[in-house]
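Below is one structure, written out as structure tokens, with a few remarks after it.
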Amino acid sequence: MTGVTVRVRFSPAPTGFLHVGGARTALFNWLFARSVGGVFVLRIEDTDAALLREGLVDGILRTLRWLGIDWDEGPHHQSERAGAYAEAVAALRYSGHAYYCDCTRDDVRARTRDDAGYDRFCRDRGLTSGAVRFRAPDEGATVVHDVIRGDVTFDHAAIEDFVVQRTDGTAVFLLANAVDDMDMAISHVIRGEDLLASTPKVLLIRQALGDDHPPVYAHLPLIVNEKRQKLSKRRDDVAVEEYRERGFLPEAMRNYLALLGWSPKDDREILPIDDMVAEFRIEDVKPSPAFFDVKKLEAVNGEYIRALPVATFVRECLPWLETDPPWPPENFDLAVFEAVAAHVQERARTLAEVPAMVDFLFLDEPAVEEVAWDKAITQNPAAAGVLDEAIACYRDAHWDSGELHRLTAALADRHGLKLAKAQAPIRVAVTGRTVGPPLFESLHLLGRDRTLERLARAKDHLPFSS
RNA sequence: GGCCCCAUCGUCUAGAGGCCUAGGACACCACCCUCUCAAGGUGGCGACACGGGUUCGAAUCCCGUUGGGGCUGCCA
């Protein structure tokens, strides 16, 4: 790597949002650039008119920033480099490397052979308008040097005369890609394996354009779904933005993505970004596809959530607590949430599940889970007694979680119950759920009045209430 | 169909010929801890796709088979 300026690029097509696979590609380019002191260029591949709608790029940039992936150059837009592409196409035509073709879509279909694509019908017709096709060599082969896969050889016989410029004069990505990578002096091309098969075409164009410094390639393994297919916009949850909305932290997302195809030398999986940069080696990336496992992502996210200082955790939770909360907004009390935060933080795998863990504190009536209520109260023979006595001894209790704990333990004792059993009807009566933050801290925060009110209400609903 | 890629526990991976009766993590199960649930601790289940070579020795190298995937657009 000495003596050569490392320049990499992430070049997404503007589809409106950043795809999980794209994010991983961006991350690996970024890690590589940062690890060797190279330059990370952002380039928008919008050569197709359909991709020129306003705003399609914004989401991608926003999400890259959210992930902490910054760029040193760009974003360049291919839509603004039409001149350079036109020049390149003209050069290819003059040098005999490309020719006009007026075949229609149907013509091409009819002329496509099973083993080598378009049959080159227009090659020597001397047309002066239409789409422009690259004259692929009839013999020989092109070798793609890939640091992840080794040398991959493509026989020219299987490479068709592909289109480099559309009838409307715009360049297709193969051409734009070749020209831009040369003009921008890209030294390493790191992208998804789905592009491996198109690489010899780009190499052929570059060669025809006089290039003698092809970049080093690294084709990353595809990220696949449970059926081992490439993640697709249609059937899979691929928008990184969506994971953000589902309560994942950017650091966790980034860390998990880094683990798809790469791993540090030791047995660590959770590691700070600086360590990743320090240890990242593009040649260590595995060539085989990786399944995007949301369960594992959640586990990683849980680790990151727990590692947060409580105050930071509280701040991160705010959007979930203040925007469209399950309780009347005016009921929310930040001080109360801050008091339970540490308990919630230990239990949450995503920020999105936080509201349900604390809703009993801000709801006028607890959100009752039918199954829980039925099991712990209605169908529980001990419920009436426990509830009655809880009301009796909580009424004059010193309102403190330790004291509530002691009183309830004594209560359980008198009923010959384990505290675990005795607390169940109380918890469900007060919070509506069987699980949640520690009960006595919860009661303490809820306050005596509301606690007694909810216990009484639960008791009243019992079929044989005393 | 053609071209290309890939192949270690269910999943993500460690493993670059002997350190491997294959290690870690997630998931799952059990137990411990415990006011529920988590967290934490301990343990368990669980893999080198198959067949040939090469070698004193192969998860590691080679070939083949099988399986999976990608590409095959005037999308990128």
Side-chain angles (χ1 to χ4, degrees), chain A residues 11-15 45-48 50-51 78 101 103-105 108-109 112-117 130-133 144 146 148-149 152-155 157-160 162-168 170-174 176-177 191-200 219 221-222 224 226-230 256 259-270 286-293 295-300 302-303 306 343-349 357 372 376 401 404-405 408-409 412 418-424 426-428 431 433-442:
Chain A
S11 42
T15 52
E45 308 232 322
D46 53 0
T47 59
D48 190 75
L51 299 174
Q78 292 190 327
C101 166
C103 291
T104 63
R105 197 183 180 76
V108 173
R109 203 194 320 276
T112 295
R113 295 158 301 171
D114 253 8
D115 56 339
V132 176
R133 282 182 186 275
V144 177
D146 189 297
I148 295 174
R149 285 152 219 286
V152 183
T153 304
F154 295 87
D155 283 336
I159 297 177
E160 66 176 336
F162 53 93
V163 171
V164 292
Q165 185 181 71
R166 304 184 183 92
T167 304
D168 68 5
T170 59
V172 303
F173 97 104
L174 290 168
N177 211 275
R191 21 117 89 147
E193 196 214 307
D194 49 343
L195 291 166
L196 178 57
S198 72
T199 305
H219 285 94
L222 254 23
V224 300
E226 59 289 338
K227 292 165 74 180
R228 310 299 304 179
Q229 296 166 319
K230 178 169 79 157
Y256 175 67
L259 261 19
L260 259 24
W262 177 79
S263 63
K265 284 300 174 198
D266 51 29
D267 276 337
R268 284 188 304 165
E269 290 199 319
I270 307 296
K286 274 188 39 133
S288 47
F291 170 58
F292 189 79
D293 187 354
K295 276 272 200 304
K296 177 97 178 194
L297 207 209
E298 286 174 349
V300 172
E303 294 228 31
R306 272 174 262 127
H343 296 299
V344 174
Q345 179 176 12
E346 197 168 277
R347 291 164 172 74
R349 290 164 81 85
M357 291 184 183
S401 62
L404 289 167
H405 189 166
T408 312
K418 295 267 197 189
L419 181 52
K421 283 286 182 193
Q423 62 90 42
I426 300 174
R427 173 184 295 279
V428 174
T431 72
R433 309 174 190 277
T434 52
V435 304
L439 181 61
F440 306 113
E441 278 79 357
S442 298

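Throughout, a chain's letter reflects where its sequence line sits, starting with A, and its residues are numbered from 1.
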Restricting to non-hydrogen atoms, name the atom on [X] and the atom on [Y] that form the minimum distance, rounded to 0.1 Å.
| X | Y | result |
| --- | --- | --- |
| A:Val163 | A:Ala131 | CG1-CB, 4.4 Å |
| A:Phe173 | A:Ser198 | CZ-OG, 4.1 Å |
| A:Phe154 | A:Leu196 | CZ-O, 3.8 Å |
| A:Pro287 | A:Glu193 | O-OE1, 4.4 Å |
| A:Lys230 | A:Val224 | N-CG1, 4.1 Å |

Span that lies between the [atom1] atom of [M] and that of [N], in whole angstrom:
| N | M | atom1 | value |
| --- | --- | --- | --- |
| B:G17 | B:C74 | P | 46 Å |
| B:A22 | B:A59 | C1' | 8 Å |
| B:A38 | B:C29 | P | 10 Å |
| B:A30 | B:G46 | C1' | 15 Å |
| B:G64 | B:A7 | P | 16 Å |
| B:G57 | B:A47 | P | 26 Å |
| B:U11 | B:C56 | C1' | 38 Å |
| B:G24 | B:C9 | C1' | 12 Å |

Checking base pairs now: Watson-Crick or wobble, both atom distances under 3.5 Å. What partners [N]?
| N | value |
| --- | --- |
| B:A7 | B:U66 |
| B:C48 | none |
| B:A27 | none |
| B:C19 | none |
| B:G40 | B:C32 |
| B:G57 | none |

What is the distance, rounded to the nearest whole Å, between atom [atom1] of [X] and atom [atom2] of [N]?
| X | N | atom1 | atom2 | answer |
| --- | --- | --- | --- | --- |
| A:Gln345 | B:G40 | CD | P | 13 Å |
| A:Glu346 | B:U34 | CD | C1' | 12 Å |
| A:Arg427 | B:U36 | CZ | P | 8 Å |
| A:Phe162 | B:C3 | CZ | P | 19 Å |
| A:Arg306 | B:A38 | CZ | C1' | 8 Å |
| A:His343 | B:G40 | NE2 | C1' | 16 Å |
| A:Ile270 | B:U13 | CD1 | C1' | 14 Å |
| A:Leu260 | B:U11 | CG | C1' | 10 Å |

Within the 4.0 Å limit for protein heavy atoms, which parts of nucleotides 63-76 of chain B are touched? Write it as a string from 5' to 3', B for base, S for sugar-phosphate only, - for none. -----SSSS--BSB
How does each nucleotide of nucleotides 16-26 of chain B score, in 5' to 3' order, for protein heavy atoms under 4.0 Å: base (B), sugar-phosphate only (S), or none (-)? -------BBBS
Assess whether a salt bridge exists between A:Asp266 and A:Arg268, defined as any Lys/Arg side-chain N lying under 4.0 Å from an Asp/Glu carboxylate O.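 A salt bridge links A:Asp266 with A:Arg268.
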Step-by-step side-chain hydrogen bond (donor to acceptor under 3.5 Å, both in side chains) determination, A:Thr431 to A:Arg427: CA-CA 6 Å; A:Thr431 72; A:Arg427 173 184 295 279; 5.2 Å; no
Using the closest heavy atom to pick a nucleotide of RNA chain B for each, name whichever of A:Ile148 or A:Leu259 lands nearer the 5' end.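 The residue mapped nearer the 5' terminus is A:Ile148.
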Candidate pair A:Glu160 and A:Thr112, rule side chain to side chain contact (heavy atoms under 4.5 Å, CB included), full reasoning: CA-CA 9 Å; A:Glu160 66 176 336; A:Thr112 295; 5.6 Å; no
Check: A:Glu441 side chain, B:C35 base, donor-acceptor under 3.5 Å: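 Under the 3.5 Å cut-off, the side chain and the base do form a donor-acceptor pair.
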Hey, is the side chain of A:Arg149 pairing donor to acceptor with the base of B:C5 inside 3.5 Å?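 Such a pair does not exist between side chain and base.
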Atom pair CG (A:Asp46) and OG1 (A:Thr15), whose distance is rounded to the nearest 0.5 Å: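 Taking CG in A:Asp46 and OG1 in A:Thr15, the distance rounds to 12.0 Å.
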Which distance, rounded to the nearest 0.5 Å, do you find between the NE2 of A:His405 and the CD of A:Glu441?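 Rounded to the nearest 0.5 Å, the NE2-CD separation comes to 9.0 Å.
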Pairing residues for A:Ser442 by the side-chain hydrogen bond (donor to acceptor under 3.5 Å, both in side chains) criterion, not counting sequence neighbours: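 Counting only residues at least two positions away or on another chain, A:Ser442 forms no side-chain hydrogen bond (donor to acceptor under 3.5 Å, both in side chains).
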Candidate nucleotides B:A39, B:C35, B:A14, ranked by approach to the side chain of A:Pro438 - the nearest: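 Nearest nucleotide to the side chain: B:C35.
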